[in-house]
Amino acid sequence: MLSSHVLDIKDLKTHFASRDVDIPAVDGVNFHVDAGEVLGIVGESGCGKSVTSLSVMGLVPSPPGKIVRGKILFNGEDLTKASERRMRKIRGNDIAMIFQEPMTSLNPVFKIGEQLIEGIRIHNKWPKKRAYERAVDMLKLVGLSRVEELMDSYPHQLSGGMRQRVMIAMAMTCDPKVLIADEPTTALDVTIQKQILNLMKRLNNELNTAIILITHDLGIVAEMCDRIAVMYAGKVVEEGSVLEIFQNAKHPYTKGLIQSVPDMRVKRDRLYSIPGNVPKPGSIKNGCPFAPRCEHAFTSCTEEMPELLMTENGQKVRCWLHQEE
Ligand SMILES: Nc1ncnc2c1ncn2[C@@H]1O[C@H](COP(=O)(O)OP(=O)(O)O)[C@@H](O)[C@H]1O
Ligand SMILES: [Mg+2]
């Protein structure tokens, strides 16, 4: 059956083997993204956001990592069943990813131009000159100037913000259907961060690229995203439109995250933070993994895992307070 979503993730489980236990880093995740849409994935560090995106890209370090269950449907094709050869093709042409630290995807010993041209020519059998022109165009598109000079530079000669733009240019050279951006601006200062986000938004508008934006910054989500999936301990605990989530979050974890956002209008002595820490994957055997940190927890919460259920307005929530709706 063909899915109408460009990317549709169903019951994804990605585990890491360590000695004799399995660490369920991603533990039954469901979400989808449509063409032209920006989906935000939020949650504290260690919730499984990066492992989810690496799973989509077929880049989970294996061993010890392994997708043990579920489907990753890209235009209906299940990527969990794709060969490495097919995945290389998908990664270059259809789904691109940008990371927090651009140096991990730029090769320090090659000039920017060489890397861009090589990337373009792997996927299009174009002559060098045409690939060069395309590379120059992409660098201009991401707002870089003096691009001929840039083409001739090594990554270390660029600032962090410039490298991040180059990485976006690189990701966009193949005109991907899906762009996964994992904390793309965390390492950058606020002004550059804003420019990079505007750039991504523009690519999303102009080229209809579906974007999955992973961030722990709810301010960015409010500005950039159409929909949000909130992850906790390897699971999606709430999902809905940005408007619904910010106005009417149902899961106590989501409420806690929203409460932790600094609000310029409200003067507080100290910023709220959710008490406690994200549990290690698999360490909570029974019930909701958020229960130990949740002020509303009652008996059911420590006994059985609630399901991700749809509420009357289309929002989804995994919480015993909302299992009746
Ligand atoms: N290579 C690995 N080996 C073992 N465990 C890992 C590995 N990579 C990630 N994990 C574990 O998977 C969980 C989710 O990690 P991650 O997806 O990076 O979280 P997030 O991106 O939300 O901060 C964490 O508990 C982390 O320790
Ligand atoms: Mg991460």
Side-chain angles (χ1 to χ4, degrees), residues 7 9 11-31 33 39-70 72 79-80 95-105 164 167 171 178-188 193 196-197 200 211-218 220-221 224-225 228-239 245 251 253-254 256-258 260 273-274 276-285 288-290 292-293 305 308 318:
L7 193 67
I9 293 174
D11 197 24
L12 179 68
K13 289 197 179 207
T14 305
H15 290 192
F16 289 97
S18 94
R19 295 210 190 104
D20 41 15
V21 290
D22 255 6
I23 302 167
V26 175
D27 194 14
V29 157
N30 290 282
F31 64 80
V33 61
L39 172 73
I41 299 185
V42 301
E44 291 161 291
S45 186
C47 284
K49 305 180 300 292
S50 293
V51 175
T52 301
S53 43
L54 291 173
S55 303
V56 173
M57 299 299 288
L59 292 176
V60 173
S62 170
K66 191 177 188 312
I67 294 177
V68 293
R69 206 168 84 190
I72 299 168
L79 301 186
T80 66
I95 309 178
M97 183 162 173
I98 57 180
F99 301 89
Q100 176 174 338
E101 180 36 68
M103 283 310 268
T104 54
S105 40
Q164 197 67 329
M167 192 164 57
V178 181
L179 177 66
I180 303 176
D182 191 353
E183 307 270 4
T185 58
T186 306
L188 304 175
Q193 173 172 325
I196 300 279
L197 292 171
M200 286 175 48
I211 295 181
I212 297 176
L213 178 59
I214 297 172
T215 177
H216 59 262
D217 187 332
L218 280 172
I220 291 180
V221 168
M224 292 283 295
C225 300
I228 314 179
V230 181
M231 279 188 72
Y232 190 76
K235 286 186 158 65
V236 172
V237 297
E238 183 155 14
E239 194 213 292
I245 299 283
H251 200 289
Y253 181 58
T254 315
L257 288 179
I258 292 172
S260 326
S273 72
I274 305 169
N277 298 101
V278 176
K280 288 216 168 59
S283 62
I284 293 179
K285 299 275 181 263
C288 167
F290 188 62
R293 301 172 74 186
M305 172 71 79
L308 186 67
R318 184 192 289 283

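In listed order, ligands and their atoms are each counted from 1. Heavy atoms only: backbone and side chains are in, while hydrogens, waters and symmetry mates are out.
Judged purely by atom type and a 3.5 angstrom limit, Q164 uses its side chain to pair as donor or acceptor with the backbone of F99. Distance alone, capped at 3.5 Å, places no donor-acceptor pair between the R69 side chain and the G28 backbone. One N or O on the side chain of K49 and one on the backbone of E44 form a donor-acceptor pair closer than 3.5 Å.
Scanning both residues, P279 and P289, for their nearest heavy atoms gives CG-O, 3.9 Å. For the pair D22 and A17, the tightest heavy-atom approach, listed with the atom from each and the gap, is OD1-CA, 3.9 Å. Heavy atoms only, all atoms of each residue included: I214 and I180 are closest at CD1-CG2, 4.3 Å. Closest non-hydrogen pair, Y232 versus C47, comes out as CA-SG, 3.7 Å.
Ligand-side atoms of ligand 1 in range of S50: 17 (O), 18 (O), 20 (P), 21 (O), range being under 4.0 angstrom from any heavy atom. Close contacts between ligand 1 and S45 involve ligand atoms 23 (O) [criterion: under 4.0 Å to a heavy atom]. Of all atoms in ligand 1, listed by their number and element, those nearer than 4.0 Å to a heavy atom of C47 are 19 (O), 20 (P), 22 (O).
Counting heavy atoms closer than 4.0 Å to ligand 1, residue P281 contributes side-chain atoms (C-beta onward) but none from N, CA, C or O.
Atom 20 (P) of ligand 1 has its closest protein heavy atom at G46 N, 3.4 Å. The nearest heavy-atom contact from the protein to atom 3 (N) of ligand 1 is F16 CD2, 3.4 Å. Shortest contact from atom 12 (O) of ligand 1 to any protein heavy atom: A25 CB, 3.1 Å. Annotation: atom 19 (O) of ligand 1 to nearest protein heavy atom, G48 N, 3.3 Å.
Less than 4.0 angstrom separates atom 1 (N) of ligand 1 from at least one non-hydrogen atom of the protein. When distances from atom 7 (C) of ligand 1 to the protein are checked, a heavy atom turns up under 4.0 Å.
Ligand 1 has no N or O atom lying under 3.5 Å from any N or O atom of P61, backbone or side chain.
Tested against V51, the residues L59, T14, I67, I23 include a single side chain to side chain contact (heavy atoms under 4.5 Å, CB included) partner, T14.
Nearest to atom 15 (O) of ligand 1 by heavy atom, out of V60, T14, V42, V51, is V51.
No more than 12 heavy atoms of other residues, nucleotides or ligands shown are found within 6.0 angstrom of CG on N277.
Taking backbone and side chain together, S45 holds no N, O or S atom under 2.8 Å from the Mg ion (ligand 2).
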